[in-house]
Amino acid sequence: KAGVTQTPRYLIKTRGQQVTLSCSPISGHRSVSWYQQTPGQGLQFLFEYFSETQRNKGNFPGRFSGRQFSNSRSEMNVSTLELGDSALYLCASGLAGQETQYFGPGTRLLVL
Amino acid sequence: AQSVTQLDSHVSVSEGTPVLLRCNYSSSYSPSLFWYVQHPNKGLQLLLKYTSAATLVKGINGFEAEFKKSETSFHLTKPSAHMSDAAEYFCVVSGGGSNYKLTFGKGTLLTVNP
């Protein structure tokens, strides 16, 4: 079974731009979560989607948003990019009713 | 609210010697706990998980962890380190109930010397 896939793997943007990251979960997984990883803050939870609904949200500004489609694929959008948004963005998927999450390889975003 | 403290930011061992990575947790309920590993420029791989069954949990690649409620600890061990074990290791607690938010420790970088 294929793992979690994320596209693109690498991205370079400039301040003020916006970016959309994509995540395809493991087949059959309906929960998708997003995390930001930076050297200073470590791994932080952004949000979680289940059946196209945002079920949990972390402490990030409204510039960070996401959505989930009927096929469970998810996108994350960051508007008005700041230098501090440079990070590895990780997507994870899980089965309904189970806490175990499986991570993708991540998208590395560099904001110049 | 739950939290995780990884007691060592860096652990260095020689190949063939035991590995001990320490983790303490704080939770207001009976938690689910996980260890993930991240190799350089890679995503996170699940090593093992504790979900209130056996307190000694066996994972992949010879790793295991023991849940000790009285000590609020979930330390990760391996009898004999391999060079390929060099990576960063994260102790993680789940939000519980219908909250699947994972709270990560700061990570422990494991170096394996030849």
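Letters go in sequence order (proteins before strands), and every chain restarts at 1.
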field: Spacing of A:Q98 atom CD and B:K49 atom NZ [to the nearest 0.5 Å]
entry: 6.0 Å
statement: Value for CG (B:L102) from CD (A:Q101), rounded to nearest 0.5 Å, stands at 4.0 Å
Honestly curious: do [X] and [Y] fall in one hydrophobic cluster under the side-chain, below-4.5 Å linking rule?
| X | Y | value |
| --- | --- | --- |
| A:L43 | B:F74 | no |
| A:W34 | A:L11 | yes |
| B:V92 | A:L88 | yes |
| B:I60 | B:L21 | yes |
| A:V32 | A:F103 | no |

task: Tell me, yes or no, whether the heavy-atom count around A:R63 atom CZ, taken from other residues, nucleotides or ligands under 6.0 Å, exceeds 12.
output: yes
task: Step through the shown structure and confirm whether more than 12 heavy atoms of other residues, nucleotides or ligands are within 6.0 Å of CG on A:N59.
output: no
field: Interface residues of residues 37-45 of chain B facing chain A - non-hydrogen atoms under 4.5 Å apart
entry: B:Q38, B:N41, B:K42, B:G43, B:L44
message: Only heavy atoms, only distances under 4.5 angstrom. Which residues in residues 104-114 of chain B are near chain A?
response: B:F104, B:K106
Side chain / backbone / both / neither for A:F47 at chain B, heavy atoms under 4.5 Å: neither
- request: Under 4.5 Å heavy-atom distance to chain B, tell me which part of A:L90 shows up: side chain, backbone, both or neither.
  value: side chain
statement: For A:Q37 and B:F90 the tightest heavy-atom approach is NE2-CZ, 3.7 Å
message: I want to check something: taking the side chain as every heavy atom from C-beta on, are B:F34 and A:T100 in contact at a cut-off of under 4.5 Å?
response: yes
